[in-house]
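Below you'll find the structure, written out as structure tokens, and then a few comments.
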Amino acid sequence: MTSTASFWLVKSEPNTYAFADLQRDGRTVWDGVRNNVAALHLKAMKRGDQVLFYHSQIGLEVVGIAAVTREAFLDPSDTAGRFVAVELETVRALPRPVSLAEMKAAPALAEMAMLRLSRLSVSPVRPAEWSKILAMAGDAGG
DNA sequence: GCCAACGTTGGC
DNA sequence: GCCAACGTTGGC
């Protein structure tokens with residue numbers, strides 16, 4: 001069977017919700033996104049899509065992999081009913097984190113959406129970028 | 001702590 | 001509908 005999963009990257013401040021929290025919880029509702037472009041990406045996520053988990057503000061590195069377990073639904077934290085959330089589950093921590101500096105220094109990642117639009121909290125990752133980052137992390141699964 | 005980038009708001 | 005002011009994000 002051919003895989004049709006897509007790849008994404010989400011940012012979270014570890015002070016607020018770290019990858020370790022996702023590992024503890026198993027699954028979590030990814031809500032609170034209040035940016036239209038990010039919301040479009042959330043709406044495009046399909047069950048089974050793979051997601052890089054990035055720590056913003058503190059750490060500044062990709063630390064783990066999550067997967068989409070529930071496709072976009074109205075964000076329960078948005079009383080205006082305008083934005084959506086998805087549900088994510090933990091997959092695995094990376095053998096070693098990949099820092100923002102490393103990603104910036106990698107020519108293969110020069111066009112990554114998260115590097116070009118630094119404030120975007122949910123962004124697409126191309127298959128080649130996904131493979132590159134997992135290779136940089138020493139993760140054989142990419 | 002500062003600043004750049006970018007989105008939103010509100011006066012006109 | 002324009003655009004200046006303001007707020008937020010996130011890297012440095």
Side-chain angles (χ1 to χ4, degrees), chain A residues 3-142:
Chain A
S3 170
T4 54
S6 298
F7 302 113
W8 309 94
L9 180 146
V10 298
K11 294 179 179 179
S12 185
E13 293 184 38
N15 275 347
T16 304
Y17 196 83
F19 188 69
D21 295 317
L22 180 61
Q23 291 181 298
R24 178 199 63 215
D25 296 343
R27 295 185 177 189
T28 195
V29 171
W30 206 257
D31 61 1
V33 173
R34 294 292 182 272
N35 172 280
N36 287 309
V37 176
L40 281 175
H41 295 143
L42 288 180
K43 288 176 185 172
M45 288 184 181
K46 298 299 179 191
R47 186 185 301 266
D49 281 1
Q50 303 287 107
V51 182
L52 293 172
F53 196 109
Y54 174 82
H55 282 169
S56 62
Q57 311 284 357
I58 298 169
L60 309 187
E61 57 194 9
V62 177
V63 294
I65 298 173
V68 177
T69 48
R70 189 177 167 197
E71 295 175 11
F73 52 96
L74 276 180
D75 184 338
S77 74
D78 176 19
T79 53
R82 185 175 162 209
F83 289 103
V84 296
V86 297
E87 184 188 70
L88 300 180
E89 69 176 359
T90 184
V91 174
R92 63 182 180 274
L94 294 176
R96 81 187 125 71
V98 178
S99 72
L100 178 65
E102 286 177 272
M103 289 191 282
K104 282 184 169 178
L109 303 180
E111 293 184 23
M112 262 191 89
M114 71 98 56
L115 296 179
R116 296 178 76 105
L117 274 173
S118 67
R119 288 180 60 223
L120 193 55
S121 59
V122 182
S123 60
V125 177
R126 294 170 178 162
E129 294 165 345
W130 178 272
S131 299
K132 176 66 176 173
I133 290 169
L134 263 57
M136 292 165 78
D139 187 301

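All values below come from the heavy atoms of this structure, side chains included, with hydrogens, waters and symmetry mates left out.
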Is there a donor-acceptor contact under 3.5 Å linking the side chains of A/Gln23 and A/Thr90? no
Where the side chain of A/Asp31 meets the backbone of A/Ser77, is there a donor-acceptor pair that is under 3.5 Å apart? no
How does protein contact run along nucleotides 3-11 of chain C, one letter per nucleotide 5' to 3', with B for base contact, S for sugar-phosphate only, - for none, heavy atoms under 4.0 Å? ----BBBBB
Is it the case that the side chain of A/Arg96 and the backbone of A/Met136 share a donor-acceptor pair, with hydrogens and angles ignored and the cut-off at 3.5 Å? yes
Which value, rounded to the nearest 0.5 Å, describes the distance between A/Ser121 atom OG and A/Asn35 atom CG? 6.0 Å
Mind checking what makes ring-ring contact (aromatic ring centres under 6.0 Å, His included) contact with A/Tyr54, not counting sequence neighbours? none
